[in-house]
Amino acid sequence: MARKLAVRERSAVLVIDAPAGLTLGPLPPGVRLVRSARGAGLVDNKSASIDATFQGLQFVYRLADR
């Protein structure tokens, strides 16, 4: 799952209402799991199906906000 969502070194990963037993697989060095998201300017640019109900999304800052 981490590879499908292009989780990179030093990324922050937020998991909300994950299904029981969800694993992201091995994570790159420096990845941290966070409990809440703050700030503005994020847009989704990748998605991956976890199962028939759940979807994983990758968010990045808009180009104008980088």
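We number each residue from 1, following the sequence as shown.
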Can you list, pair by pair, the side-chain donor-acceptor contacts under 3.5 Å of residues 9-30, counting residues two or more places apart and other chains?
from, atom 1, to, atom 2, distance (Å)
S11, OG, R8, N, 3.1
S11, OG, R8, O, 2.7

Suppose we screen for side-chain contact (heavy atoms from CB on, under 4.5 Å). Which residues come up paired with V60, at least two apart in sequence or across chains? V43, N45, Q58, R66
side-chain contact (heavy atoms from CB on, under 4.5 Å) partners of S49, counting only residues at least two apart: Q55
Contact summary for D65 and G41, nearest pair of heavy atoms: OD2-CA, 3.4 Å
Correct closest heavy-atom pair for S47 and L57 would be CB-CD2, 3.5 Å
Hydrophobic cluster membership, [X] vs [Y], 4.5 Å side-chain cutoff:
X	Y	answer
V7	F54	yes
V34	V31	no
F59	L63	no

